Protein chains: 2
Amino acid sequence: MSASTKLSTAVRALCFLAEHHPDPQTSADISKFSEINASKIRQILSMLVKGGIVKSSYGKKGGFMLNKEPAKLHLQEVYCAIEDRKAFYLNVSKSTAQIKPKLNSLNNYFLNFFADIQIDIEEKMKKITLEQILLHLKQ
Amino acid sequence: MSASTKLSTAVRALCFLAEHHPDPQTSADISKFSEINASKIRQILSMLVKGGIVKSSYGKKGGFMLNKEPAKLHLQEVYCAIEDRKAFYLNVSKSTAQIKPKLNSLNNYFLNFFADIQIDIEEKMKKITLEQILLHLKQ
DNA sequence: ATAAATGGTTACACTATCTGTAACAATTTT
DNA sequence: AAAATTGTTACAGATAGTGTAACCATTTAT
């Protein structure tokens with residue numbers, strides 16, 4: 001699953017949970033709202049549960065519910081919970097095999113460049129809270 | 001071909017051309033140095049030719065040569081020449097079909113976010129010249 | 001003119017990744 | 001014990017990326 005798909009799915013689910021807080025919502029409920037398959041919803045929300053962003057309960061009347069105030073939940077936290085790879089992973093091989101020094105040097109140059117970008121993106125994400133997104137939706 | 005692969009290939013080729021300036025280098029020569037298939041080299045360099053960054057000549061003693069001073073050629077120009085899509089295109093559908101207003105609103109939010117990132121990346125690219133990259137390689 | 005060398009373009013099989021879905025195990029509640 | 005729910009794994013189909021070849025277009029050299 002691509003990083004952007006996961007993030008988008010997670011945010012849809014989080015918006016839905018925020019609106020129905022504190023009633024638990026099943027993956028079927030969230031699926032209906034978000035138009036994303038219930039199984040995928042569970043896959044992504046299980047990661048948010050591990051990250052402490054969402055709580056889940058089993059059995060009848062079970063489901064998912066927010067575990068953080070929207071004002072205190074920013075996008076970077078969500079992103080970290082669902083993605084271990086780098087956000088915008090790029091195809092610059094870290095070859096272990098023999099490689100020409102110049103090509104290796106170029107690869108490293110690109111890797112550093114993309115690492116910088118990654119940092120910028122995460123900084124931007126830190127400035128966006130779920131609350132802001134919810135406000136945006138109400139406009 | 002992914003954006004990062006194209007950019008990386010283009011820069012490898014440009015470095016090689018800069019080092020051998022002003023002698024034309026064939027796609028076979030560049031392929032040998034860059035370890036990238038000659039056909040792919042031609043595919044990417046033909047875009048740089050259209051962008052005015054590289055010149056090409058046919059026939060015996062033909063090949064590719066730089067058409068800009070390394071100090072005046074920045075990465076963003078190269079990127080624009082090889083890529084029409086957005087740099088880090090993300091999977092946020094611009095659905096034309098009926099869609100829930102809230103989901104649509106969320107999609108737009110993400111599109112704006114990613115557009116901002118795109119701008120940042122291009123700004124960063126504008127600050128990197130081929131000359132700088134070449135200096136980095138000589139260290 | 002002609003042959004040869006080269007760039008330019010298209011096509012294609014192979015691989016890898018992404019997507020949507022189903023199935024079932026694990027857990028909890030009633 | 002039964003039912004409802006989350007959590008996890010698996011997999012076929014779709015999509016995109018990669019490496020390569022083939023051939024066309026253009027120019028140069030003789």
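The basis for the numbers below is simple: all heavy atoms, side chains too, and nothing from hydrogens, waters or symmetry mates. All values reported here derive from a predicted model rather than from experimental measurement. Just so we're on the same page: letters track the sequence lines, and every chain starts at 1.
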- In B/S/- notation, 5' to 3', how is nucleotides 21-30 of chain D contacted by protein heavy atoms closer than 4.0 Å? BB--BBBS--

At under 4.0 Å, does any side-chain N or O of [X] touch on OP1 or OP2 of [N]?
| X | N | value |
| --- | --- | --- |
| S2(B) | dA16(D) | no |
| S56(A) | dG7(D) | yes |
| K40(B) | dT10(C) | no |
| S27(A) | dT6(D) | yes |
| T26(A) | dA4(D) | no |

Does a salt bridge link [X] with [Y], judged by any charged N lying under 4.0 Å from a carboxylate O?
| X | Y | result |
| --- | --- | --- |
| E35(B) | R12(B) | no |
| E122(A) | K127(A) | no |
| E131(A) | K68(A) | no |

- Looking only at side chains, do S2(A) and T5(A) share a donor and an acceptor under 3.5 Å apart? yes

Between [X] ([atom1]) and [N] ([atom2]), how many Å, whole number?
| X | N | atom1 | atom2 | answer |
| --- | --- | --- | --- | --- |
| I44(A) | dC18(C) | CD1 | P | 13 Å |
| I41(A) | dA22(C) | CD1 | P | 15 Å |
| K55(A) | dT28(C) | NZ | C1' | 15 Å |
| E35(A) | dG20(C) | CD | P | 12 Å |
| F64(B) | dT6(C) | CZ | P | 11 Å |
| M1(B) | dG8(C) | CE | C1' | 13 Å |
| D29(A) | dT5(D) | CG | C1' | 11 Å |
| E83(A) | dC18(C) | CD | C1' | 13 Å |

- Task: Please list all pairs passing the salt bridge (charged side-chain N to carboxylate O under 4.0 Å, His left out) test where one or both residues lie in residues 38-67 of chain B, with sequence neighbours left out.
- Result: none

- Item | Touch class at under 4.0 angstrom, heavy-atom based, for K50(A) against every strand present | sugar-phosphate

- With sequence neighbours left out, write down each residue that passes ring-ring contact (aromatic ring centres under 6.0 Å, His included) with H74(B), or none if nothing qualifies. none

- When rounded to the nearest 0.5 Å, the distance separating NZ of K6(B) from OH of Y79(B) is 8.5 Å

- Task: Check every atom of dT9(C), dT18(D), dG7(D) against the side chain of T5(B) and return the nucleotide holding the closest atom.
- Result: dT18(D)

